[in-house]
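Written below as structure tokens is the structure these notes are about.
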Amino acid sequence: MNKSILRNSIICLITLLPMFSVQAYLVGGPNSSLQTENGTYTWDGGVYVSDFRTALENPLYFGAGGVVSESITTMDIIPDAAGLAGVDGFIAPWWAVSESSAYHADVIDFFLNGGDLWLMQDSSGRDGIGADLGIPTIGQTAISPVNGISPLFDGPFGVANNITQGGGEEGFLSTADVLNANGSIIGTNTENQVIAAAWGAGQFAAGAGSLIVVADIDMFTTQAQFDPLNDNGIFALNAFAFLATSEDPIGVPNVPTLMLIILGVGLLRRGRKINR
């Protein structure tokens, strides 16, 4: 091969490599100027949230060679259209409606056009975005263990049992609201009240991103340990792994559907044996 052609080919390849490199998943939360009522639960600088953010950026958990290969970068943003254009996902942590309302339309537009969304809404005064999506926090409940199913309670970081709550505000969601919005009930307390719900990509609406709604921020903050992981820590990291990597709706086949799948696989195998 002509040396000049080879040299130009190598230069071209080096130029194109960054286009194919793996980019970090960027998740934003409201900056501190937009969360003056959050105190220690502020996404930007809140002491109760800092360990959670540190865990998300820990390469042993997220990144090449980590439990989940997707690396994470957390950011403080103003969640208007311009700010949301620079992230893949947005977290609203216990955000007061009085401060969030100006951004509801932009956040919902971001979500419906493929951005991922995680809402931590402990009470009716902190559920503005969820309420506008038709998934408000409908009441308060006593602290009790929360258990559930994949992908939050069972995921890449392990199985989480008896997730604890705290903080003095523990809300719950409406079963009907979740199901009417095509959602999956993921976690319930001992009173069978819905504490956590989730939607895979495209499940809430065609083209929408992934969505998690949990009615107690303390499940991920004050009650979670990330080094080593306790059950709440496992739950928190499983949840984020789902948010960042989900590409399809959550599928939980009912019994008749499952039997049809099993029957279909059996017939397919039998057919292959006959054709050999």
Do [X] and [Y] sit in one hydrophobic cluster, given that two such residues count as connected whenever their side-chain heavy atoms are within less than 4.5 Å of each other, even indirectly?
{"X": "Met219", "Y": "Leu117", "value": "no"}
{"X": "Val47", "Y": "Ile91", "value": "yes"}
{"X": "Ile138", "Y": "Val213", "value": "no"}
{"X": "Trp199", "Y": "Ile195", "value": "no"}
{"X": "Ile108", "Y": "Ile212", "value": "no"}

Check: [Y] and [X] side chains under 4.5 Å, non-hydrogen atoms:
{"X": "Asn31", "Y": "Ile78", "value": "yes"}
{"X": "Phe172", "Y": "Val194", "value": "no"}
{"X": "Leu112", "Y": "Phe204", "value": "yes"}
{"X": "Asn180", "Y": "Val178", "value": "no"}

Contact list for residues 83-95, test side-chain hydrogen bond (donor to acceptor under 3.5 Å, both in side chains), sequence neighbours left out: Trp94-Glu169

For [Y] together with [X], are the ring centres under 6.0 Å from each other?
{"X": "Phe240", "Y": "Tyr25", "answer": "yes"}
{"X": "Phe235", "Y": "Phe220", "answer": "yes"}
{"X": "Phe110", "Y": "Phe90", "answer": "no"}

Ile72 vs Val27, side-chain contact (heavy atoms from CB on, under 4.5 Å): CA-CA, chis, key distance, verdict: CA-CA 7 Å; Ile72 308 297; Val27 59; 4.0 Å; yes

Under 3.5 Å: donor-acceptor pair, side chain of [X], backbone of [Y]:
{"X": "Asn38", "Y": "Pro93", "result": "yes"}
{"X": "Asp127", "Y": "Gly130", "result": "no"}
{"X": "Asp218", "Y": "Thr221", "result": "no"}
{"X": "Asp122", "Y": "Ile217", "result": "yes"}
{"X": "Gln121", "Y": "Ile135", "result": "yes"}
{"X": "Tyr61", "Y": "Ser71", "result": "no"}
{"X": "Asp109", "Y": "Ala81", "result": "no"}
{"X": "Gln140", "Y": "Glu170", "result": "yes"}

Verify the distance criterion only: is there a donor paired with an acceptor across the side chains of [X] and [Y] at less than 3.5 Å?
{"X": "Ser144", "Y": "Glu191", "answer": "no"}
{"X": "Thr36", "Y": "Glu99", "answer": "yes"}
{"X": "Gln193", "Y": "Thr141", "answer": "yes"}
{"X": "Asp44", "Y": "Thr42", "answer": "no"}
{"X": "Glu57", "Y": "Thr74", "answer": "yes"}
{"X": "Thr164", "Y": "Asn232", "answer": "yes"}
{"X": "Asp154", "Y": "Asn238", "answer": "no"}
{"X": "Arg53", "Y": "Asn58", "answer": "no"}
{"X": "Thr245", "Y": "Glu70", "answer": "no"}

Please report the interatomic distance [atom1]([X]) to [atom2]([Y]), rounded to the nearest 0.5 Å.
{"X": "Ser32", "Y": "Trp43", "atom1": "OG", "atom2": "CH2", "result": "13.5 Å"}
{"X": "Leu133", "Y": "Asp177", "atom1": "CG", "atom2": "CG", "result": "11.5 Å"}
{"X": "Leu243", "Y": "Asp116", "atom1": "CG", "atom2": "CG", "result": "4.5 Å"}
{"X": "Gln165", "Y": "Thr222", "atom1": "CD", "atom2": "OG1", "result": "10.5 Å"}
{"X": "Phe153", "Y": "Ile186", "atom1": "CZ", "atom2": "CD1", "result": "8.5 Å"}
{"X": "Thr175", "Y": "Leu173", "atom1": "OG1", "atom2": "CG", "result": "8.5 Å"}

Provide the closest heavy-atom pair for [X] versus [Y] in the form atom of the first, atom of the second, distance.
{"X": "Asn147", "Y": "Asn162", "result": "OD1-N, 2.6 Å"}
{"X": "Phe242", "Y": "Leu211", "result": "CE2-O, 4.2 Å"}
{"X": "Ala196", "Y": "Leu152", "result": "CB-CD2, 4.5 Å"}
{"X": "Gly200", "Y": "Ser246", "result": "CA-OG, 3.4 Å"}
{"X": "Ala24", "Y": "Thr73", "result": "CB-OG1, 3.6 Å"}
{"X": "Asp80", "Y": "Asp106", "result": "CA-OD2, 3.4 Å"}

Under the side-chain contact (heavy atoms from CB on, under 4.5 Å) criterion, do Asp216 and Met120 qualify, and how do the steps go? CA-CA 6 Å; Asp216 186 9; Met120 302 179 187; over 6 Å; no

Taking atom OH as the centre, does Tyr48 end up with more than 12 heavy-atom neighbours from other residues, nucleotides or ligands that are less than 6.0 angstrom away?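 No.
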
Chi angles and distances behind the side-chain contact (heavy atoms from CB on, under 4.5 Å) call for Ile250, Gln203: CA-CA 7 Å; Ile250 299 171; Gln203 185 172 342; 3.5 Å; yes

Which of parallel (below 30°), tilted (30 to 60°) and perpendicular (above 60°) describes Trp118 and Phe52? perpendicular

Phe62 and Leu56: side-chain contact (heavy atoms from CB on, under 4.5 Å), yes or no, with the steps? CA-CA 7 Å; Phe62 294 94; Leu56 295 181; 4.0 Å; yes

